[in-house]
J.: 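Take this structure first; my questions come after.
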Protein chains: 2
Amino acid sequence: MAQERALPPVVERLWGREPVSRRGPRPRLDLGMITSAAIEIADAEGLTGVSMASVASRVGVAATALYRYVGSKEDLLTAMVDFVVSAPPDPAGRPWRDYLALWTRAQRDTLLEHPWLLQIARLTPPLGPRRLLWLDRLLAALDGVGLDDGEKINVASALTGYALTDAALVTTVGGGEPQFDDAGIEGADDYGEVLAGLLDPEAYPALSAAVRGGALRGAEGWVDDGDFRFGLELLLDGVEALISRRASGEDAG
Amino acid sequence: MAQERALPPVVERLWGREPVSRRGPRPRLDLGMITSAAIEIADAEGLTGVSMASVASRVGVAATALYRYVGSKEDLLTAMVDFVVSAPPDPAGRPWRDYLALWTRAQRDTLLEHPWLLQIARLTPPLGPRRLLWLDRLLAALDGVGLDDGEKINVASALTGYALTDAALVTTVGGGEPQFDDAGIEGADDYGEVLAGLLDPEAYPALSAAVRGGALRGAEGWVDDGDFRFGLELLLDGVEALISRRASGEDAG
DNA sequence: TTGAAACTATGAACGTCATACACAGTACGC
DNA sequence: GCGTACTGTGTATGACGTTCATAGTTTCAA
């Protein structure tokens, strides 16, 4: 109820609280139009294509006009992160484990569809309406399993982190267009071979052995969908272990 | 042995393979000096303080001289990521679970000591000698538990991702100086209160309830060290579950 | 010992970009 | 209708990454 907080103005706008102008010309834009334009550019050309000028020209105004709506380019990026997120799946009637898997996979898919998200290192706790909705649904899905709210939030955090890591892996080494075309590996079918050329077996015994064994050969080593499931089940097994521990009346460490 | 690969030149230099110059003046610098200077600046002033000019002036050359050693600023950032990493702990004689915990915690600590790392969204598979050494040690620690190399690497990947997520959380919402001072929350003892002011209980029922219950009150909700351990044990429980599944002779899904 | 070759650092210049500011135009309230 | 408050524009600025021609320096070969 103490709503008089000093929120960043972009966040206010994200929640639909655009300032009500009584006098003056109608604003030609709103945060949504600007952000959508920016997202379209990022999807098409990558984040490097997103400049204040390019976004402005796409919505048909001068570059400096955008500053009526966002305080800075950082603000715009923040808004983009919230706006790309679609509506979370509905947890109603789903077993928690299924829902968590679905939830995490959907997050990963979003990251894969908009790889530039990975370049916006905005691992900040979310404040936008869309991302918070995801959190809400996860909490709802975990209702009644015996975890407290803090634990549920930690679970959410771990899952989000995993989605991020995996998406980053897939994007850089395996999947589609190389988004980070700079110091990464290109197609990297040969990541293993590259490593084999670099590693001194004496200094890196275990890794050398793994490479020789072919564990990193191309897509098989890193970017398989099976690999995603693997880590996901790892996490979910952990959650399940915790839940049954709680159910048997133990306390936390 | 097929060493004639087209590696990015920075990577070559990371492995100590500076080109041997027969003619001409001795190079006044090497990649290590440049990268160390950049790291010192980043530690002191944040990543925004790191410009080609500032790094160059710190090592006592003109800005453009750096381009003899790094192809671009991106390259420099890549080198920084490898150089900040210290030596991994020794797995010898440690139970795998202890070592994995230690390993993950050490990675998180590095991230907390150098928060600018989080802003370099370089979740790329590592190619530098230092980061690969960490991977090697993790593989060694998991020797003989019954996982194949691919699975071990997936475990490493999940743990690294978790360290990253947690460090990001701690850095932005709780811990030290606000590194992302832009659209984040400042001290955020009041993240919960901020949320309370934003959330419509009808649209966000579970989250509102959690907030009212105080699950997000200040440092308790997010940034406790207990929270880090919580997620970590989650993951390790998952690994343990997998290991015993493998031990009982099952196959993967 | 001398000269050329190979390589290093420099300084100026360029293009891009985010952003500040003063101004002009526009709609609403009285 | 007049003032006011607000919107979009144009210009300008400063920072930054990067390129290029140049001058300087060290080593090799004769």
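Predicted model only: the values in this text are computed from it and were never measured. Sequence lines set the chain letters: A, B, ... in the order given, protein chains first and strands last, and positions in each chain run from 1.
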J.: Where do Asp43(A) and His114(A) come nearest, in terms of heavy atoms and distance?
T.: OD1-ND1, 2.7 Å
J.: Could you state the OH-P distance from Tyr67(B) to dT10(C), rounded to the nearest angstrom?
T.: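 Roughly 14 Å, once rounded to whole Å.
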J.: Only one of Thr35(A), Val70(A), Ile34(A) forms a side-chain contact (heavy atoms from CB on, under 4.5 Å) with Val55(A), so which one is it?
T.: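 Among Thr35(A), Val70(A), Ile34(A), the one that satisfies the side-chain contact (heavy atoms from CB on, under 4.5 Å) with Val55(A) is Ile34(A).
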J.: Identify which nucleotide among dT19(C), dA5(C), dG11(C) has an atom closest to any side-chain atom of Thr64(A), counting heavy atoms from C-beta outward.
T.: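 In terms of side-chain proximity for Thr64(A), the closest of dT19(C), dA5(C), dG11(C) is dT19(C).
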J.: When you measure from the centre of the six-membered ring of Phe228(A), is the NZ or CZ of Arg105(A) under 6.0 Å away and within 45° of the axis?
T.: no
J.: Specify the residue among Pro25(B) and Gly60(B) whose closest nucleotide of DNA chain C lies further upstream toward the 5′ end.
T.: Pro25(B)
J.: Go through Trp116(A) and Val84(A) one step at a time and tell me if the side-chain contact (heavy atoms from CB on, under 4.5 Å) criterion holds.
T.: CA-CA 11 Å; Trp116(A) 46 267; Val84(A) 270; 3.5 Å; yes
J.: Any base atoms under 4.0 Å from Ala65(B), or only sugar-phosphate, or nothing? Heavy atoms, all strands.
T.: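 Since a base atom lies under 4.0 Å of Ala65(B), the category is base.
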J.: Verify whether the ring centers belonging to Tyr204(B) and Trp15(A) lie closer than 6.0 Å.
T.: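 Yes, they do, as the ring centres are separated by less than 6.0 Å.
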J.: Given Met80(B), which partner from the list Asp75(B), Leu117(B), Ile41(B), Ile39(B) fulfils the side-chain contact (heavy atoms from CB on, under 4.5 Å) test?
T.: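 When side-chain contact (heavy atoms from CB on, under 4.5 Å) is applied between Met80(B) and each of Asp75(B), Leu117(B), Ile41(B), Ile39(B), only Ile39(B) qualifies.
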J.: Is Gln107(A) close to Leu112(A) at the side-chain level, that is, under 4.5 Å between some pair of heavy atoms?
T.: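 Sidechains of Gln107(A) and Leu112(A): no contact.
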J.: Return the 5'-most residue of the pair Lys73(A), Arg28(B) with respect to DNA chain C, ranking by each residue's nearest nucleotide.
T.: Arg28(B)
J.: Using chain B heavy atoms and a threshold of under 4.0 Å, write down where along DNA chain D the contacts begin and end, 5' to 3'.
T.: dG17(D) to dC28(D)
J.: Heavy atoms only: give me the nearest Leu139(A)-Ala206(B) pair and the separation to one decimal.
T.: CB-CB, 3.7 Å
J.: Ignoring backbone atoms, establish whether Tyr69(B) has a side-chain N or O less than 4.0 Å from OP1 or OP2 of dA9(C).
T.: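 Result: yes.
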J.: Using a 4.0 Å cut-off on heavy atoms, which residues in residues 31-40 of chain A reach DNA chain C? List them by number, or say none.
T.: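 Within residues 31-40 of chain A, no residue comes under 4.0 Å of DNA chain C.
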J.: Starting at CZ of Arg26(A) and ending at C1' of dC28(C), how long is that distance when rounded to a whole Å?
T.: 9 Å
